[in-house]
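Residue numbers start at 1 and run along the sequence shown. Bear in mind that the values here come from a model prediction, so they are computed numbers and not experimental data.
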Amino acid sequence: MKFLDEAKIFLKSGDGGPGACSFRREKFIEFGGPDGGDGGRGGHVLLEAVEGLNTLIDFRYRQHFKAPTGRNGAGRDRTGAGGEDLVIRVPVGTVVLAEDKETVLADLTEVGQRFRLARGGDGGFGNAHYKTSTNRAPRRADPGWPGEELWVWLRLKLIADAGLVGLPNAGKSTFLAAVSRAKPKIADYPFTTLHPNLGVVGLDEREFVMADIPGLIEGAHEGAGLGDRFLGHVERCGALLHLVDGTQEDPGGAYRTVRAELEAYGRVLAGKTELVALNKIDALDPEERAARLENLAAACGASPFAISGATGEGVRDVLRALWRAIEADREAEAKADEQEQAGDAPVVWTP
């Protein structure tokens with residue numbers, strides 16, 4: 001299945017059905033009066049987050065969605081049937097943006113979460129609605145109200161607990177394949193990964209989801225390489241694992257390049273907990289390993305991990321540290337939610 005994380009679609013809710021102009025005509029009943037029913041409501045357009053989807057590829061082949069209209073009203077005070085709501089299924093993590101691509105309309109982060117994007121038009125009144133003591137035989141019946149129509153952008157941000165970042169060929173895909181059952185494409189040339197990959201990491205009877213995104217290069221925020229659009233997939237992560245290729249001459253410079261791109265992207269990623277690891281240490285002798293660890297530590301201001309995704313050396317240690325960072329982020333988020341709920345609680349005044 002191809003991966004698509006952005007799509008533009010057109011939505012139109014159903015028009016309301018017209019009301020009926022009708023009069024009661026039955027044998028032996030005089031002055032029957034008006035009995036035209038109201039039209040039915042048009043169908044709403046809803047978005048629903050469902051599990052089992054991880055791409056927006058379906059919207060490449062269908063971009064227009066229209067809900068059914070309401071049925072006409074009828075005599076005998078019969079109201080027309082309402083149009084059936086149109087439910088569009090999207091992956092969990094989908095963000096709905098207005099046509100300007102800046103205004104956020106909805107953020108669907110939980111399975112089963114729904115959001116109404118377009119409200120169906122109301123049905124028109126039948127002539128029975130206009131009957132009064134002075135107007136006993138109204139001949140007015142209204143058409144239904146038109147539905148809403150709009151263009152929206154869907155943008156997918158994958159739900160993961162940890163994210164892998166680094167330059168191309170830093171060994172991110174190899175690391176993901178080593179710690180999970182994911183099978184990303186692995187090769188010895190840059191930009192092997194062209195779309196994000198997810199893997200479930202099992203660690204000491206615990207599990208968490210890790211996301212691997214395409215590599216960043218200098219100027220990615222200006223469109224260089226594959227750009228920085230894929231960074232949106234690690235916005236929701238609790239922690240970042242920054243992998244640096246240990247076989248290059250200047251690992252500190254590689255770290256600063258990626259760090260600059262993260263800061264250019266925005267505070268969402270720049271402020272996240274970051275663990276730094278020197279990868280591919282199996283290809284280094286002890287002296288080279290020590291020198292490059294020292295170079296990287298000077299650049300990042302912390303003690304980096306030394307790991308090898310190919311041999312597994314140091315992998316368990318960095319995963320345990322990553323899990324502790326994820327737990328700390330979850331606790332901080334839960335505490336922030338509690339404080340927000342406490343702030344929203346009504347203040348009871350007692351004399």
Side-chain angles (χ1 to χ4, degrees), residues 160-172 174-176 179 190 201 203 208 210-222 224-225 228 230-309 313-333 335-336:
D161 300 306
L164 292 173
V165 296
L167 290 175
N169 253 22
K172 300 184 296 300
T174 301
F175 183 85
L176 182 66
V179 300
V201 180
L203 175 69
F208 62 91
M210 182 176 288
D212 166 33
I213 64 170
L216 298 170
I217 64 173
E218 186 175 358
H221 66 283
E222 298 175 347
D228 64 354
F230 290 111
L231 284 175
H233 295 288
V234 293
E235 278 187 20
R236 306 183 194 273
C237 294
L240 300 176
L241 177 57
H242 187 160
L243 295 184
V244 180
D245 186 356
T247 61
Q248 58 188 343
E249 294 295 330
D250 184 16
Y255 170 82
R256 286 188 287 269
T257 296
V258 175
R259 191 64 203 171
E261 295 304 322
L262 294 179
E263 292 174 356
Y265 184 81
R267 296 179 182 177
V268 177
L269 292 182
K272 286 190 178 295
T273 302
E274 180 190 52
L275 303 181
V276 183
L278 185 71
N279 197 14
K280 304 182 183 180
I281 60 171
D282 58 296
L284 304 175
D285 59 39
E287 293 181 358
E288 289 178 324
R289 182 183 302 187
R292 290 178 186 175
L293 280 172
E294 183 180 354
N295 178 285
L296 182 56
C300 67
S303 178
F305 292 89
I307 67 170
S308 170
E313 182 180 354
V315 168
R316 304 296 287 182
D317 293 335
V318 74
L319 289 179
R320 290 189 179 98
L322 198 57
W323 173 253
R324 289 192 292 270
I326 293 170
E327 281 191 318
D329 178 76
R330 289 176 179 175
E331 291 174 2
E333 189 173 337
K335 188 175 181 180

Can you measure from [atom1] ([X]) to [atom2] ([Y]) and round to the nearest 0.5 angstrom?
X: Leu275; Y: Ser303; atom1: CG; atom2: OG; value: 11.5 Å
X: Glu331; Y: Glu327; atom1: CD; atom2: CD; value: 6.5 Å
X: Glu288; Y: Thr247; atom1: CD; atom2: OG1; value: 10.0 Å

Minimum heavy-atom separation for [X] to [Y], with atom names?
X: Thr273; Y: Ala325; answer: CG2-CB, 3.9 Å
X: Leu322; Y: Ala162; answer: CD2-CB, 3.7 Å
X: Leu164; Y: Lys172; answer: CD1-O, 3.5 Å
X: Arg236; Y: Lys272; answer: C-NZ, 4.3 Å
X: Glu274; Y: Val276; answer: OE1-CG2, 4.0 Å
X: Leu241; Y: Ala277; answer: CD1-CB, 4.2 Å

- Option passing side chain to side chain contact (heavy atoms under 4.5 Å, CB included) with Ile307 (candidates Asp282, Asn279, Leu319, Ile281): Asn279
Check whether any side-chain heavy atom of [X] lies under 4.5 Å from a side-chain heavy atom of [Y], and answer yes or no.
X: Asp245; Y: Leu167; answer: no
X: Val165; Y: Glu261; answer: no
X: Pro251; Y: Leu278; answer: yes
X: Gln248; Y: Asn169; answer: no
X: Phe175; Y: Val318; answer: yes

- Would you please name every residue forming a ring pair (Phe, Tyr, Trp, His ring centres under 6.0 Å) with Tyr255, sequence neighbours left out? His242
- Derivation and outcome, side chain to side chain contact (heavy atoms under 4.5 Å, CB included), residues Arg256 and Asp250: CA-CA 10 Å; Arg256 286 188 287 269; Asp250 184 16; 4.3 Å; yes
- Indicate yes or no: does Arg259 engage Glu263 in a salt bridge with an N to O separation below 4.0 Å. yes
- Query: Under 6.0 Å from the CD atom of Glu294, do we count more than 12 heavy atoms belonging to anything else shown?
  - Reply: no
- List for me each residue that meets salt bridge (charged side-chain N to carboxylate O under 4.0 Å, His left out) alongside Asp161, sequence neighbours excluded, and say none if there are none. Arg330
- Query: Does Gly252 offer a backbone N or O that forms a donor-acceptor pair with the side chain of Asn295 under 3.5 Å?
  - Reply: yes
